[in-house]
There are 2 protein chains.
Amino acid sequence: MPARAMKDPLSRLPGYALRRAASAMIAELAGRLSEIGLRHTDASALLLIEANEDVTASALGRMLDIQRANMVPLVGRLEAAGLIEREPIDGKSHSLRLTARGHARLAEARAIIDQFEGELLGRIPAEHRAHLLPALNALWINDKSG
Amino acid sequence: MPARAMKDPLSRLPGYALRRAASAMIAELAGRLSEIGLRHTDASALLLIEANEDVTASALGRMLDIQRANMVPLVGRLEAAGLIEREPIDGKSHSLRLTARGHARLAEARAIIDQFEGELLGRIPAEHRAHLLPALNALWINDKSG
DNA sequence: ACTGGATTGCTATACATCATAACAAACAGG
DNA sequence: CCTGTTTGTTATGATGTATAGCAATCCAGT
């Protein structure tokens, strides 16, 4: 007996749909990235470090909306895996940069992500497809500066 | 110095935008619901129990995509708060139903949720607004049956 | 009616994410 | 030079989620 037979007031709620869509998406992407030993947060951090060489962990955390305290295990994991290097700039701050190995791993990750993003959009009916990204971005980008 | 000054390859990725939008949304809704002592999962469970009186915890978990094991604390919490009642039907299964107090609390929750969902949609540019729900639903509803 | 397989509720456990508070060291501006 | 802020870090707790296992019960095919 399909659960579908039951009344589902939730699927009319954009907020709930947003939560379910996001968690389904994350679970699938995490599964794919785990095959190259990365978590989805690791991959996003690598993307940002590449685009902004020599960022500090704090600045990276601000972009990713991750607390300083929670950046410690993230950065430590990437460093332990030999994907990034830390270099003191201040005496207080460290700059982050991809190693050769980090660049290579990021290339693999990017292939997985691009493939995944394409499939994700492909599941959306064509008439709605182009509206998703701007609608979603409106929900958090302005939020960030506020 | 705004983090905005940095290159942000992530905001072009629908998957990342989905994750960020969802977590921002959840955090805000959770904050509002906490004022009446509910978590967002509690509220969704109450909505579904009301719409499907006498569901079992397992069936509810299937609708919410929550493992049986993780339903135990959820149902226990709602029962301890006097919001739902459990009645054996089988000898194996229990049926769930809202108490009077549960109905009252749900009315409060629904007011908060309706207000919130309205504001959420209001943040989206008008030309994209109507596309969000169908696009999001396409990302998980079919997934569910698969 | 019997038996094997599935279901229900539950415990225990582990991990990921996220938040908060506190701290020392170091920076930055007036 | 002094004060307030920033950085990196430790520690801790709440939450959400996943897995495995278990005993009791249900159900379906024979």
Side-chain angles (χ1 to χ4, degrees), chain A residues 1-3 16 18-20 22-31 33-34 37-45 54-80 84-96 140 143-144, chain B residues 1-3 16 18-20 22-31 33-34 37-45 54-80 84-96 140:
Chain A
M1 80 232 57
Y16 185 76
L18 181 54
R19 185 165 84 80
R20 287 293 298 269
S23 76
M25 179 278 295
I26 291 171
E28 185 175 342
L29 179 58
L33 286 174
S34 73
L38 292 181
R39 304 183 188 173
H40 64 92
T41 49
D42 296 346
S44 52
D54 293 325
V55 279
T56 63
S58 289
L60 191 60
R62 277 191 294 272
M63 284 191 282
L64 293 169
D65 199 32
I66 296 178
Q67 309 294 317
R68 274 197 318 287
N70 297 326
M71 290 300 294
V72 178
L74 203 181
V75 169
R77 185 169 56 237
L78 294 177
E79 193 181 26
I84 65 172
E85 279 173 334
R86 249 192 303 199
E87 197 177 354
I89 30 179
D90 260 336
K92 175 170 79 162
S93 307
H94 298 175
S95 88
L96 305 179
W140 67 276
D143 229 60
K144 218 173 145 182
Chain B
M1 83 236 52
Y16 185 76
L18 181 54
R19 187 165 83 81
R20 287 294 297 268
S23 77
M25 178 278 296
I26 290 171
E28 185 174 343
L29 179 58
L33 286 173
S34 73
L38 291 181
R39 304 183 188 174
H40 64 92
T41 49
D42 296 347
S44 51
D54 293 324
V55 279
T56 63
S58 289
L60 191 60
R62 276 190 294 270
M63 284 190 282
L64 293 169
D65 199 31
I66 296 178
Q67 309 294 317
R68 275 198 318 285
N70 297 327
M71 290 301 294
V72 178
L74 204 181
V75 168
R77 186 170 55 238
L78 294 178
E79 193 180 27
I84 64 173
E85 279 173 336
R86 248 193 304 200
E87 198 177 354
I89 31 180
D90 260 336
K92 177 170 77 161
S93 308
H94 298 175
S95 87
L96 305 179
W140 67 276

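So you know, we letter chains A, B, ... as the sequences are listed, proteins then strands, and number each from 1. This structure is a prediction, so every number in the text was calculated from the model and none was measured.
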Whole-Å distance between [N] [atom2] and [X] [atom1]?
X       : N      : atom1 : atom2 : result
B/Ile84 : C/dG9  : CD1   : P     : 11 Å
B/His94 : C/dT8  : NE2   : C1'   : 9 Å
B/Leu60 : C/dT8  : CG    : C1'   : 14 Å
B/Leu33 : D/dT15 : CG    : P     : 14 Å
B/Leu74 : C/dC10 : CG    : P     : 12 Å

Looking at every non-hydrogen atom in both residues, tell me the closest pair between B/Leu74 and B/Ala45 and how far apart they are. CD2-CB, 4.0 Å
Does C/dG9 have OP1 or OP2 sitting under 4.0 Å from an N or O in the side chain of B/Ser58? yes
From [atom1] ([X]) to [atom2] ([Y]), nearest 0.5 Å:
X       : Y       : atom1 : atom2 : value
A/Leu78 : A/Leu96 : CG    : CG    : 9.0 Å
A/Leu33 : A/Ile26 : CG    : CD1   : 11.5 Å
B/His40 : A/Tyr16 : NE2   : OH    : 10.0 Å
A/Asp65 : A/Asn70 : CG    : CG    : 10.5 Å
B/Arg19 : A/Ser44 : CZ    : OG    : 5.5 Å
A/Asp90 : A/Thr56 : CG    : OG1   : 9.0 Å

Nucleotide by nucleotide, nucleotides 12-22 of chain C touches protein heavy atoms under 4.0 Å in the pattern (B base, S sugar-phosphate only, - none) B---SSBBBB-
Check whether any side-chain heavy atom of A/Val55 sits under 4.5 Å from a side-chain heavy atom of A/Met63, and report yes or no. yes
I'd like a list of close polar pairs between nucleotides 26-30 of chain C and the protein, N/O only, cut-off under 3.5 Å.
residue: C/dC27; atom: OP1; partner: A/Asp90; partner atom: O; Å: 2.4

Could you pull out all residues at least two apart from A/Ser95 that satisfy side-chain hydrogen bond (donor to acceptor under 3.5 Å, both in side chains)? A/Asp54
List for me each residue that meets side-chain hydrogen bond (donor to acceptor under 3.5 Å, both in side chains) alongside A/Thr41, sequence neighbours excluded, and say none if there are none. none
Side chain of B/Arg86: nearest nucleotide among D/dG8, C/dT8, C/dC10?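 Ranking D/dG8, C/dT8, C/dC10 by closest atom to the B/Arg86 side chain puts C/dC10 first.
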By the salt bridge (Lys or Arg N to Asp or Glu O under 4.0 Å) test, which pairs, at least two apart or in different chains, include something from residues 66-77 of chain A? A/Asp42-A/Arg77
Determine to 10° how strongly the helix from C/dA1-D/dT30 to C/dG30-D/dC1 is bent, judged from the axes of its five-pair ends. 40°
